[in-house]
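Counting convention: from 1, in listed order, for ligands and their atoms alike. Everything numeric in this text was worked out from a predicted model, so none of it was measured.
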Amino acid sequence: MQILHPFAGSVQQYLKHFDEPDQHRPTHCPQCQSKRPPTAHGFYTRTIIDTAFDGPIPVRRYLCQACRRTVSLLPEFALPYLRSSVSVIALFLVARLLQAKTLAASLSPSAPYQRGQLWLRRFRAQAETLCASLVALTVPAPATDFVHRALTMLEASGWIPAHRFLFTDLRQHLLGWPPSLFPAGRRAAFPPAAALA
Ligand SMILES: [Zn+2]
């Protein structure tokens, strides 16, 4: 199971402070509610593409001694099962959907256009759910459709605070869970890095 790292900051700050496994160790297991804190259980690496970073990052993992399941602490700038950071996806969606730029002008030059199309498809499918959920953080924005309302609400609450709330409190994915993980993003094993979209 992935939960969000309590750390807030940039990719570079995250990497700088990664060496302390006990600093952010979960106080209890989120899966069986055992009172014993999970023990450090190494890390796995995943890719992150951020505005000023493109490469692998380690993700800290803990093992619950009671239920023998692992918990990993995903940094808040990352989304499960997507290579690109919340900020990169937010910049794209705002440019394409709020500012009506072309797909090519909205994407970073190195990104394949299919990636932008995938984000658009998933965001449009998720927009109505986001509008309903984000009412907990900000007032519903007047807009003619759910896509524009969700974008305006995300801009108002901040994309990363919104992602933290959606993921931690509601187990919702900003772009919706892939069908295989619906509805709460759970399955037994993590996919290999190559399976990241
Ligand atoms: Zn447990």
Side-chain angles (χ1 to χ4, degrees), residues 1-50 53 55-90 122 125-126 129-130 132-137 154 157-197:
M1 179 182 188
Q2 299 181 77
I3 61 173
L4 283 193
H5 201 294
F7 163 85
S10 68
V11 179
Q12 290 79 2
Q13 288 166 325
Y14 170 77
L15 292 173
K16 208 166 129 191
H17 295 287
F18 184 76
D19 283 339
E20 258 307 314
D22 286 333
Q23 201 183 352
H24 297 293
R25 178 208 303 256
T27 53
H28 64 276
C29 173
Q31 300 177 102
C32 73
Q33 308 306 328
S34 161
K35 293 281 183 288
R36 288 164 63 194
T39 53
H41 194 60
F43 60 88
Y44 68 92
T45 55
R46 57 155 287 165
T47 308
I48 191 84
I49 303 171
D50 195 27
F53 184 91
I57 57 162
V59 175
R60 185 75 64 191
R61 200 159 39 192
Y62 299 84
L63 177 70
C64 171
Q65 298 295 339
C67 71
R68 307 301 297 172
R69 283 179 289 188
T70 59
V71 183
S72 50
L73 290 193
L74 193 67
E76 63 170 12
F77 49 74
L79 284 159
Y81 312 107
L82 286 173
R83 279 179 197 274
S84 298
S85 71
V86 174
S87 304
V88 164
I89 293 171
R122 286 180 60 176
Q126 185 68 2
T129 302
L130 290 174
S133 302
L134 292 172
V135 167
L137 295 186
L154 284 162
S157 46
W159 287 73
I160 286 180
H163 162 51
R164 179 175 281 286
F165 165 71
L166 293 167
F167 190 68
T168 302
D169 292 19
L170 308 178
R171 295 302 292 176
Q172 284 180 9
H173 191 297
L174 196 58
L175 294 189
W177 292 108
S180 62
L181 298 171
F182 189 80
R186 288 163 200 247
R187 70 174 159 199
F190 294 104
L196 292 170

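No hydrogens or angles considered: a donor-acceptor pair under 3.5 Å links the side chains of Gln172 and Ser133.
A side-chain donor-acceptor contact under 3.5 Å links Arg60 to the backbone of Phe18.
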Check: Could you walk me through whether His173 and Leu79 pass the side chain to side chain contact (heavy atoms under 4.5 Å, CB included) check?
Finding: CA-CA 7 Å; His173 191 297; Leu79 284 159; 4.0 Å; yes
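Among protein atoms, those of element N, O or S found less than 2.8 Å away from the Zn ion (ligand 1) are Cys29 SG, Cys32 SG, Cys64 SG, Cys67 SG.
Note on ring orientation: taking the six-membered ring where Trp is involved, the planes of Phe167 and Trp177 are tilted (angle from 30° to 60°).
Counting non-hydrogen atoms of other residues, nucleotides and ligands closer than 6.0 Å to CZ of Phe7 gives a total above 12.
You'll find the side chain of Leu63 reaches within 4.5 Å of the side chain of Arg68, heavy atoms only.
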